[in-house]
Amino acid sequence: MKPAPFGYAKARSLDEAIGLLGQQPDGVKLLAGGQSLIATLNMRLSEPRLLVDINGLHELSGIRLDNDHLVIGAMTRQVEIERSADIARHAPLLAKALPHIAHPAIRNRGTIGGSIAFADPAAELPACLTALSAEIEIAGPSGKRTVRADDFFKGLFETALGPQDVLTAIRIPTALADHRCGFDEFARRLGDYAIVGLAATARANGAGLKDVRLAYFGVGATPVRASRAEVALAAGDLDKAVASLSGDIDPQDDVQENAAVKQHLAGVLLRRVAKQMTEARS
Amino acid sequence: MSSLQCDITLTVNGETIRETVEARKTLVDFLRDDLGLTGSHVGCEHGFCGACTVRLNGVIVRGCLTLAVQCDGAKVETIEGLSDTGECADLQTAFETRNALQCGFCTPGMLLTAQELLASDRVPSREAIREHLSGNYCRCTGYHAIVDAVEAVAKARAGSGT
């Protein structure tokens, strides 16, 4: 199908983008990489009156170190994150996850900020940011603010972003020597949305793990922390961690799989990801 | 400030183009309907099939997930351009000789995608070829012959030092 008619404005500054968002409440969408938005326009699942293109705002793009944080501009293309030496060193979880996100032609265009703001419950990046204790920087009409990833994802395709807010950057604590991470997912075809996926971080604690963060995706409306399994894994009891997933996540049937299969696959992923984290060497 | 119609200037296969386009028109529809470049195909129109793959400023993108209006000032290349310059002539020959196509609908997208892989990874493994082509559907061949063709060209290019 073809999109319904809409207006187009290319923002020349962040302030202009914020101003344009306020002109037509509910009828304006920001155009970042467009790899989800334009698909929804083509299918007429969304019919905005105006698209505000922020691809010209180069200040929103790039990866830099800010003391003990890695700062990734919202408009940084996924391919740049995939290939970045800084990401591989300071946020290796993202380097593991990126090849699972769609396909090369889509990663050339898709942005990290777009994926986070869209908040698809089966997408990789929201879960990664949750596992990484990332912070999300937002600019709006009343200024700038920062929201923790744990507080950012509110519901199905729903985030802490207000109607006039622009997601500007992601802040991730840089990985220390004892940082461990793991990532895996089940998908029908490499690059498809996950049936179930798991992004995890921890700190090495002798042969074991501590400060475990397990963020599942594809099992609920938002990334879901498996808090009971986190405690069990930190106590070194993998079997108990897998068993406790039934109290942590409550996947529903969807177009890809039924709930029982998803619940089973979540346990398989936990064993695989725990192995990645315990076998890793600094 | 905003408009349903926009004037754009871009280069397509090396030629400067000035057109007025509807904001809602996708790049692949612009190439096909306004410029008559029908080598890029319209399949699923939501990013799954890869038949609309074209190059935008040197990297492959989905022609159905990019708006023509976003290409103001950009450099666009299509299968017609790559065919004219002979950039992927060896891939085209290999696809033909190895029966890596039947109906040909996916072939332009496959060629652009394979050409990008071979530009960054001179002799990729068969697994890497499959991964890179994972976003391009072929409903005729079963992919095996396509992987064969890409692998053969990779080895031939590496062997001839080009």
Side-chain angles (χ1 to χ4, degrees), chain A residues 1-12 16-17 19-20 23-24 27-28 31-45 47-56 77 79-80 82-83 99-110 114 187-193, chain B residues 1-8 21-29 33 42 44-74 109-110 112-114 116-117 120-121 127-128 130-137 143:
Chain A
M1 281 172 63
K2 311 298 180 190
F6 51 75
Y8 172 87
K10 186 155 187 173
R12 288 159 296 186
E16 187 186 30
L20 285 165
Q23 282 189 356
Q24 301 183 46
V28 191
L31 174 58
Q35 301 304 285
S36 298
L37 174 59
I38 297 177
T40 66
L41 299 179
N42 287 351
M43 292 189 279
R44 299 207 179 190
L45 295 170
E47 297 190 15
R49 290 162 65 188
L50 174 66
L51 288 194
V52 176
D53 186 351
I54 53 173
N55 280 272
R77 310 281 171 193
V79 66
E80 295 170 57
E82 185 179 5
R83 293 180 185 165
H100 294 271
I101 300 174
H103 309 288
I106 290 174
R107 295 199 293 272
N108 280 341
R109 198 84 192 133
R188 290 270 171 199
R189 168 180 74 150
L190 181 72
D192 282 356
Y193 276 114
Chain B
M1 186 169 286
S2 71
S3 161
L4 297 174
Q5 301 245 334
C6 303
D7 295 327
I8 58 171
V21 294
E22 270 193 287
R24 65 168 168 162
K25 181 165 271 189
T26 61
L27 175 58
V28 68
D29 281 341
D33 299 345
V42 177
C44 70
E45 296 191 302
H46 62 281
F48 269 70
C49 77
C52 62
T53 305
V54 296
R55 251 192 223 157
L56 175 63
N57 295 329
V59 298
I60 56 167
V61 301
R62 296 285 203 245
C64 74
L65 296 184
T66 309
L67 299 173
V69 66
Q70 293 185 277
C71 300
D72 185 36
M110 286 285 182
L112 266 85
T113 305
E116 179 170 282
L117 172 66
S120 65
D121 185 354
E127 189 184 16
R130 283 189 177 272
E131 281 189 13
H132 199 82
L133 296 176
S134 65
N136 292 68
Y137 274 144
Y143 303 101

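Here is how names work: the chains are called A, B, and so on, in the same order as the sequence lines, proteins then strands, and each is numbered from 1.
- For chain A, the nearby parts of B:S134 are the backbone and the side chain; heavy atoms of each come within less than 4.5 Å.
- Most heavy-atom pairs under 4.5 Å with chain B, from the set A:A39, A:G191, A:P5: that is A:P5.
- Applying the salt bridge (charged side-chain N to carboxylate O under 4.0 Å, His left out) rule to A:R44 yields no partners; only residues at least two apart in sequence or on another chain are considered.
- Ranked by heavy-atom pairs under 4.5 Å with chain B, the first of A:R49, A:M43, A:M1, A:R107 is A:M1.
- Two residues are said to be in side-chain contact when any heavy atoms from C-beta on lie closer than 4.5 Å; A:K2 and B:E45 meet this criterion.
- Among B:K25, B:R55, B:E131, the residue with the largest count of heavy-atom pairs under 4.5 Å with chain A is B:E131.
- A:I38 and B:C64 get closest at one heavy-atom pair: CG2-O, 3.4 Å.
- The side chain to side chain contact (heavy atoms under 4.5 Å, CB included) check on B:T26 picks up A:N42, B:V28, B:D29, with sequence neighbours excluded.
- For the residue pair A:P3 and B:R24, the shortest heavy atom distance occurs at O-NH1, 2.7 Å.
- Annotation: side chain of A:N108 is in contact with side chain of B:E116 (closest heavy-atom distance under 4.5 Å).
- Cation-pi geometry between A:R189 and B:F48 is not satisfied (NZ or CZ under 6.0 Å from the ring centre, within 45° of the ring normal).
- Contact check for B:Q70 versus A:L31: side-chain heavy atoms found under the 4.5 Å cut-off.
- Each of B:L133, B:L117, B:I60 has some count of heavy-atom pairs under 4.5 Å with chain A, and the biggest count is that of B:I60.
- Here the shortest heavy-atom pairing between B:A23 and A:G7 reads CB-C, 4.4 Å.
- Residues A:H103 and B:H132 have side chains not in contact (no heavy-atom distance under 4.5 Å, counting atoms from C-beta outward).
- With contacts defined as side-chain heavy-atom distances shorter than 4.5 Å, the pair A:L37/B:L65 does not qualify.
- Considering only heavy atoms from C-beta on, A:F6 comes within 4.5 Å of B:L67 through its side chain.
- In this structure the side chain of A:R109 reaches within 4.5 angstrom of the side chain of B:L56, judged on heavy atoms.
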